[in-house]
Amino acid sequence: GAVVSQHPSRVICKSGTSVKIECRSLDFQATTMFWYRQFPKQSLMLMATSNEGSKATYEQGVEKDKFLINHASLTLSTLTVTSAHPEDSSFYICSARWVAGDTEQFFGPGTRLTVL
Amino acid sequence: RKEVEQDPGPFNVPEGATVAFNCTYSNSASQSFFWYRQDCRKEPKLLMSVYSSGNEDGRFTAQLNRASQYISLLIRDSKLSDSATYLCVVPAGGTSYGKLTFGQGTILTVHP
């Protein structure tokens, strides 16, 4: 149990286009999902906390108008990178937390974004 | 002081060796700690949770020193499959399972 999926696993796009990444909790309900970014040879950096039915909370330095987050249901959160540029190329990973109180976070397999 | 700091390594050890990693954290109110392992181009996976003084699971032992604010991970009888990046993780603000702060990771390579 506690499986989180991400789609797509890999995307290559041209500069200026928008890319949507989906994060799904497959066998549990997640009121909270987290979006992380990992640049090569660096650790995961939290970008935003996504709560079902409310606006996401962004970390300092993360542009909310560039990284649009929608958490419309208890099993799906989406991250849209708008007007992507080469510097947005990174490994984007989501994690999900169960509905019932504080529990472990389960990570998705990640999406590797390359912007040409 | 960084919120979570690790020796990035890399550590190169032969099979069967014992290796230890240290991690320091800045928030003295932190109550729980985690070690994750991350394979190349994969998501991090939980290895161990530490709530009190330590935890042991087979070849892996995690120890917590609250006074000095560091956590260690000891791997005994290293296997080739232990090669990975080990991430020290501390919940931000000291709360459990909320926002997580990741250390930069320690790279381990186990060779034959």
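Because only heavy atoms are used, hydrogens play no part in the values below, and waters and symmetry mates are left out as well, while side chains stay in.
Of the atoms belonging to A/L46, it is side-chain heavy atoms, and not backbone ones, that fall under 4.5 Å from chain B. When heavy atoms are compared at a cutoff of 4.5 Å, B/Q38 approaches chain A solely by way of its side chain, counted from C-beta outward. Using a 4.5 Å cut-off between heavy atoms, A/F107 touches chain B through backbone and side chain atoms alike. When heavy atoms are compared at a cutoff of 4.5 Å, A/E59 approaches chain B solely by way of its side chain, counted from C-beta outward.
Heavy-atom pairs under 4.5 Å with chain B peak, among A/Q38, A/K41, A/M45, at A/Q38.
Taking hydrophobic clusters as Ile, Leu, Val, Met, Phe, Trp and Tyr residues chained together by side-chain heavy-atom distances below 4.5 Å, A/M33 does not share a cluster with A/L79. A/L113 and A/L68 end up in different hydrophobic clusters when Ile, Leu, Val, Met, Phe, Trp and Tyr side chains are linked at under 4.5 Å.
Heavy-atom proximity under 4.5 angstrom to chain A picks out B/F102, B/G103, B/Q104 from residues 101-112 of chain B.
Residues B/L74 and B/E56 fail the side-chain proximity criterion, which asks for heavy atoms closer than 4.5 Å.
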**OP:** Could you give me the CA-CA distance, side-chain angles and deciding distance for A/S77 and A/H71, then say whether side-chain hydrogen bond (donor to acceptor under 3.5 Å, both in side chains) is met?
**Re:** CA-CA 4 Å; A/S77 176; A/H71 194 157; 4.5 Å; no
**OP:** Kindly indicate, with the supporting measurements, whether the criterion side-chain hydrogen bond (donor to acceptor under 3.5 Å, both in side chains) is fulfilled by B/T61 and B/R76.
**Re:** CA-CA 8 Å; B/T61 301; B/R76 290 181 296 277; 2.9 Å; yes
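Within 6.0 Å of CD on A/E22 lie more than 12 heavy atoms contributed by other residues, nucleotides or ligands.
Of the charged side-chain nitrogens involved, none lies within less than 4.0 Å of a carboxylate oxygen, so that B/D39 and B/K45 do not count as a salt-bridged pair.
Looking at A/R24, its side chain never comes within 3.5 Å of a backbone N or O of A/S5 through a donor-acceptor pair.
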